[in-house]
Protein chains: 2
Amino acid sequence: MNAIGVIVEYNPFHNGHAYHVRKSREAANADIVAAVMSGPFLQRGEPALISKWARTEMALNAGVDLVVELPYKFATQKAEIFAEGAVAILQALRCKAFCFGSEQGSIEPFIDTYHFLESKSDVFNEKLRLYMDMGNSFPKANALAFKDMSPSSGLLDLSQPNNILGYQYVSAALSREYPISPLTIKRTQAGYHDIALTENPIASATGIRKGLLTEKSNIADIEKYVPASTKEILAHYFIQYRTFHYWELYWPLLKYRILTAAVSELQKIYEVEEGIEYRLKEFAAASTSFQGFMERVKTKRYTWTRIQRICVHILTNTKKEEMCSGNSGPEYIRLLGINNRGRSYLQHIKKKLDLPLISKVGSLKGNSIELDIRAGAVHSLCLRPEDQAGYTKREFLPPVVIEE
Amino acid sequence: MNAIGVIVEYNPFHNGHAYHVRKSREAANADIVAAVMSGPFLQRGEPALISKWARTEMALNAGVDLVVELPYKFATQKAEIFAEGAVAILQALRCKAFCFGSEQGSIEPFIDTYHFLESKSDVFNEKLRLYMDMGNSFPKANALAFKDMSPSSGLLDLSQPNNILGYQYVSAALSREYPISPLTIKRTQAGYHDIALTENPIASATGIRKGLLTEKSNIADIEKYVPASTKEILAHYFIQYRTFHYWELYWPLLKYRILTAAVSELQKIYEVEEGIEYRLKEFAAASTSFQGFMERVKTKRYTWTRIQRICVHILTNTKKEEMCSGNSGPEYIRLLGINNRGRSYLQHIKKKLDLPLISKVGSLKGNSIELDIRAGAVHSLCLRPEDQAGYTKREFLPPVVIEE
């Protein structure tokens, strides 16, 4: 049996994701599709709309055979670290390839660009530092430095968001000489950041979330952009919890924490540096919403997502020492959900696994799993008091199982 | 000019307090009544029903001439430290006497008991330790040890709550040999802990709060137990903020903090000791209310109020080092409100003050004033987001002034 890996957030699962799963399976002629998925907090520094369990169900219902969790310590990081963790887990799962969507659509320019930048890394890093010293954010400086290198034709357009992310995946695999092969399929519809919903049945997750959150419970509005199972799971979630999860609901907690934490405590939080703790404290008291707070804190030097990630780390009280302890690779494979095919695959590779496979937490100790559990507990805190304990208990039950 | 001091919480101000103010003035034949009043969090480990500013207005409208704040570092402490701080501030204000209500009603038994216990402090402390080792709470062990001493008749009944508190005031004054004279008046009506409202126009603050909180906004129910000005101020507060302040409203913040704080962080919080941090963490996740949480955490060894005070310190993130730093006496006199007579008195004594008199914060730095400001900010967090900043800004404005 062989597996193709995909790196996902499924926030929520939509038709574009279904297309990606189908095409990935075809591209690698794979028996199973294994997804490594972010937990309760996402790469852009946002709470997931719904629990990781509901998102796992969506994935299994729409063609994924096996879902494992990308630990918090990778999921809430800049693209480079996010990619390293995700690719390492797919490699640990013995996937023969992984496949991502990109604007580019063919894999060679990714690989060529990787080798080109590797050979010129000194020059590139020098330029990168220069642009950062000029006050640019890291992604902006990265793009400018790359542009300056005037790469020969045939290289990647690194101004496109999915190309950037894909480049990080390829780079993670090649730099570690993993046997896993990178593959890509072309994204033709719905830009990563598109927010308008259109007639096109493929919309971005951002657009779908906006549809769900702006209209509150209006799930019918996003019906045509998602598989029927996604719609059903969203509706069920909303009936059970009366809400989806979004930043504004956590604002009272974040504000409380920023107001009461000493500056020296904020400085212990991961990614809090360069004095941003003073800006956070300065603007928290007078802000009445997360949006208003973010707009005040934002500067040219910090991207919106970087500040959001800092806010996630403050919210979850994630300290520098918890994120940077010792070995930075994944320490376990946490199984979130599985179907028959996924189970057969796991039987097949079980003896070849280098990392412990966890299907129930409790057996494993350590910063990384504790962070995952704490992040889940924090994610529950926007629910009604009587629903929080139930949500949190789910963490300690076995994975989602779907028999096909 | 001479002043009589009173030690108060006014949560809220009621007819019994008005009686106490009038009788205190008479007892000392004083020109002015100066009150030292708790800020946003109270001795029993509860948030005040309304802001300290509204409570100051109540006091000034009902015969108090001068209100100063009992700093958080005294106000949220066991009776002994509470009393030390309050009496030291009244002494610093050059009050010639202070007057408290007690079940006893005459001052001699307080003074006799103080001298009796002073002379037998070794025996007493031995017994106290013994009873504590048997698993009793501090107040319980204190009462048992005192009872064991079989004091001669004429001594105080230290099983009565207001006698206990008064004894601490007397002890604070005598042990430091302050020139301030202790006085007491007899409380005849409404036990300290009474919760039922009756036909009697004097009800306990506990009973009045219960009337206000159980029926939510039903201020008419408590009308006959409070001066007209109190009623008006309560009504105005509720119209402005749509709520009073009580523990359940802070439960989401407390729960969040307990869930996300590391055990080592909880251990840094003032009064968190003997492993109670594990109990707090154990029961926070599954509790859906503050009341439910408290009932689970409660043990024989800890009084309800002691656990509530611990919860206040966690809520305000008050560390051991902040409460116990260096000199434990008051560092300033913070003026909350004043009328003409109070102002004349301050003019009169200004040159004799040993402590800085603060009428606007900002000039003074240090743990104590920072705690006061932080406690106010936390107290605001149960209000609507758009009201929090206004509430908090009040902290930086001049005192309440009433011209008579």
Side-chain angles (χ1 to χ4, degrees), chain A residues 248-266 268-269 281 283-293 296 312-319 321-322 367 370-371 373-393 395-396, chain B residues 248-266 268-269 281 283-293 296 312-319 321-322 367 370-371 373-393 395-396:
Chain A
E248 292 300 344
L249 299 180
Y250 300 92
W251 168 240
L253 302 180
L254 181 68
K255 175 174 181 176
Y256 160 67
R257 184 60 188 143
I258 293 174
L259 285 184
T260 53
V263 162
S264 62
E265 288 174 299
L266 289 180
K268 287 185 186 143
I269 300 296
K281 276 194 95 77
F283 296 120
S287 298
T288 57
S289 69
F290 181 70
Q291 179 72 20
F293 175 66
R296 288 171 201 214
V312 166
H313 298 316
I314 294 173
L315 187 71
T316 56
N317 196 24
T318 300
K319 269 86 68 185
E321 73 211 35
E322 290 177 294
N367 280 338
E370 280 168 23
L371 274 177
I373 293 170
R374 197 160 79 224
V378 171
H379 196 251
S380 80
L381 294 179
C382 73
L383 303 178
R384 289 171 298 187
E386 61 271 31
D387 289 333
Q388 293 171 11
Y391 175 106
T392 310
K393 264 185 204 142
E395 192 78 80
F396 302 92
Chain B
E248 292 300 345
L249 298 179
Y250 300 93
W251 169 239
L253 302 180
L254 181 68
K255 176 174 180 175
Y256 159 67
R257 184 59 188 144
I258 293 174
L259 285 183
T260 53
V263 162
S264 62
E265 289 174 298
L266 290 180
K268 287 186 184 141
I269 300 295
K281 277 194 95 76
F283 296 120
S287 298
T288 56
S289 70
F290 181 70
Q291 179 71 20
F293 174 66
R296 288 172 200 213
V312 166
H313 298 316
I314 293 172
L315 187 71
T316 56
N317 195 25
T318 300
K319 269 86 69 186
E321 73 210 36
E322 290 178 294
N367 280 338
E370 278 167 24
L371 275 177
I373 294 169
R374 196 161 80 223
V378 171
H379 195 251
S380 80
L381 295 179
C382 73
L383 303 178
R384 289 171 298 189
E386 60 271 30
D387 289 332
Q388 293 173 10
Y391 175 106
T392 310
K393 264 187 203 141
E395 192 79 81
F396 301 92

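The analysis underlying the following values was restricted to heavy atoms, covering all of them including side chains, and did not include hydrogens, waters or symmetry mates. Each chain gets a letter, A, B and so on, in the order its sequence line appears, and its residues count up from 1.
Summarising the geometry of B:Ala389 relative to A:Ala286, their closest heavy-atom pair is CB-CA, 4.3 Å, with the distance given to 0.1 Å. Of all heavy-atom pairs spanning A:Leu253 and B:Leu253, the tightest one is CD2-CD2, 3.7 Å.
Your options are B:Thr316, B:Val378, B:Leu381, and the one with the most heavy-atom pairs under 4.5 Å with chain A is B:Leu381. With chain A as partner, the option from B:Gln388, B:Arg257, B:Arg374, B:Lys393 having the largest number of non-hydrogen pairs under 4.5 angstrom is B:Arg257.
Not one N or O on the side chain of A:Tyr256 forms a donor-acceptor pair closer than 3.5 Å with the backbone of B:Leu254.
The CD atom of A:Glu265 lies 3.5 Å from the NZ atom of B:Lys319; values are rounded to the nearest 0.5 Å.
Neither the backbone nor the side chain of B:Leu383 comes within less than 4.5 Å of any heavy atom of chain A. Looking at B:Thr392, neither its backbone nor its side chain comes within 4.5 Å of chain A, counting heavy atoms on both sides.
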